[in-house]
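Computed over heavy atoms, backbone and side chain alike; hydrogens, waters and symmetry mates excluded. These figures come from a predicted structure and were not determined experimentally.
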Amino acid sequence: MVQGVGKIEGRSLWQISWIRLKRDKVALAGGAVVLLLILVATFAPLICKIIGVTPNDFHQDLIDPSLQTPIGKWNGISADHPFGIEPVNGRDIFARIVYGARISLLIAFLATMLSVGIGTVAGVVAGYFGGWVDSVISRLMDIFLAFPLVLFALALVGAVPDQLLGLKGDSLRVALIVFIIGFFSWPYIGRIIRGQTLSLREREFVDAARSLGARRPYILFTELLPNLIAPILVYATLLIPTNVLFEAGLSYLGVGVRPPTASWGDMLSIAANWYQVAPLYMVPPGLAIFITVLAFNLFGDGLRDALDPRSR
């Protein structure tokens, strides 16, 4: 007597992708660091309260009055100040790194959401409709890609008043930087989504939806968009570290959030003036940017491989 085969369960694309991602230890390590960074940024006040440090309090008693550098070796590292203190004012570096993560990740995530939203809609519309619609959107992408983004950001931030549309201070600066990065970066993902849509619109399931009388909005948002989730997720994870670097660059040039709000780029800008007498001051913000960008890139690469149906 032949014994029957047990029940065989199929696996969805997302289950297969998760199995592939779990095999990539480097990507999982990058994802763990990304999650840790998000938790640190979210609970920055609680972390600093537990350790007993603050980002903006001065500690002039720990500064050498003649050299304006921290007293002691290793930039004033101690049990009370695990990363040391800043020259001149003695602010705690650990607290400023933790609070700086909030600014960098907030701007990077919001700018990525804005650019991905605009780029996805523009790419899907251009790829599906084609013709003059595709030509207009494609030329618009070329125009945006030709913008000197850094120079434009420097000019726009300097020209905006201290209060605009009910926003002022750091809120206005954050909103402005998010707009500049997100609004002028959408053509990159727009081109990717357009290419994917050109391929998907000729597939059998789209033809079947048309033959059943489905309208264009239904085809766009029900048939095409779910099949574009994978490239959207992959590109978003790779775009976030780019935006972290861009925000740090703007802060380094002095057009990011205003002091005394902590920012990694601003810390590097100040440290550049002290590298000869206090070189260790450059290490914490530099390492924070390096680790953040590396973690997102490793996780993004692993996610791309996991979601690629051609990978094994």
Side-chain angles (χ1 to χ4, degrees), residues 33 36-37 40-108 150 153-154 157-158 162 169-174 176-177 241 243-295:
V33 174
L36 178 62
L37 289 169
V40 167
T42 304
F43 299 102
L46 179 61
I47 294 173
C48 291
K49 183 178 180 181
I50 292 174
I51 297 179
V53 293
T54 54
N56 297 323
D57 287 348
F58 290 4
H59 299 89
Q60 297 288 352
D61 56 315
L62 301 178
I63 298 296
D64 188 329
S66 58
L67 300 176
Q68 296 297 304
T69 56
I71 298 174
K73 297 181 180 180
W74 306 105
N75 214 39
I77 292 178
S78 63
D80 295 329
H81 305 285
F83 286 3
I85 57 176
E86 289 184 340
V88 181
N89 50 49
R91 292 182 297 189
D92 185 83
I93 295 178
F94 176 82
R96 295 188 65 77
I97 289 292
V98 171
Y99 272 84
R102 309 185 87 183
I103 294 295
S104 295
L105 293 182
L106 176 65
I107 292 176
V150 175
L154 291 172
V157 172
D162 294 334
D170 289 340
S171 299
L172 177 60
R173 283 297 181 102
V174 169
L176 190 59
I177 295 172
N243 291 339
V244 169
L245 287 174
F246 196 88
E247 184 277 330
L250 291 180
S251 297
Y252 184 87
L253 295 173
V255 293
V257 293
R258 293 179 176 175
T261 302
S263 171
W264 294 342
D266 181 62
M267 292 178 70
L268 279 177
S269 178
I270 298 174
N273 300 321
W274 292 90
Y275 74 94
Q276 291 183 338
V277 293
L280 290 179
Y281 181 31
M282 304 183 69
V283 175
L287 273 180
I289 296 173
F290 174 77
I291 292 173
T292 302
V293 173
L294 180 62

How long is the span from the CG atom in Leu245 to the CZ atom in Phe290, to the nearest 0.5 Å?
-> 11.0 Å

Quick one: pull up OH in Tyr99 and OG in Ser104 and give me the separation to the nearest 0.5 Å.
-> 15.0 Å

Closest heavy-atom contact between Pro82 and Asp92?
-> CD-OD1, 4.4 Å

Between Val244 and Ala108, which heavy-atom pair has the shortest distance, and what is it?
-> CG2-CB, 3.6 Å

Decide yes or no on side chain to side chain contact (heavy atoms under 4.5 Å, CB included) for Val98 and Phe94, but give the supporting numbers first.
-> CA-CA 6 Å; Val98 171; Phe94 176 82; 3.8 Å; yes

Name the one of Leu172, Ile103, Leu250 that satisfies side chain to side chain contact (heavy atoms under 4.5 Å, CB included) with Val257?
-> Ile103

How long is the gap from CZ on Arg91 to CG on Asp57, to the nearest 0.5 Å?
-> 10.0 Å

Dump the intermediate steps for side chain to side chain contact (heavy atoms under 4.5 Å, CB included) on Trp264 and Glu247, then the final yes or no.
-> CA-CA 9 Å; Trp264 294 342; Glu247 184 277 330; 5.7 Å; no

Can you sort out the partners of Asp266 under side chain to side chain donor-acceptor pair (under 3.5 Å), two or more places apart, ordered by chain and number?
-> none

Taking the side chain as every heavy atom from C-beta outward, state whether Ile289 and Leu268 have any atom pair closer than 4.5 Å.
-> yes

Would Asn243 and Ile107 count as a side chain to side chain contact (heavy atoms under 4.5 Å, CB included) if you check the C-alpha gap in whole Å, the side-chain angles of each, and the deciding distance to 0.1 Å?
-> CA-CA 8 Å; Asn243 291 339; Ile107 292 176; over 6 Å; no

Out of curiosity, Met267 CE to Ile93 CD1, how far, rounded to the nearest 0.5 Å?
-> 5.5 Å

Report the residues that fulfil side-chain contact (heavy atoms from CB on, under 4.5 Å) with Leu37, sequence neighbours left out, ordered by chain and then residue number.
-> Val33, Leu105, Thr292

Leu280 and Pro284: which non-hydrogen atoms are nearest, and at how many Å?
-> O-CD, 3.1 Å

Quick one: which residue pairs count as a salt bridge (Lys or Arg N to Asp or Glu O under 4.0 Å) with a foot in residues 94-103, not counting sequence neighbours?
-> Glu86-Arg96

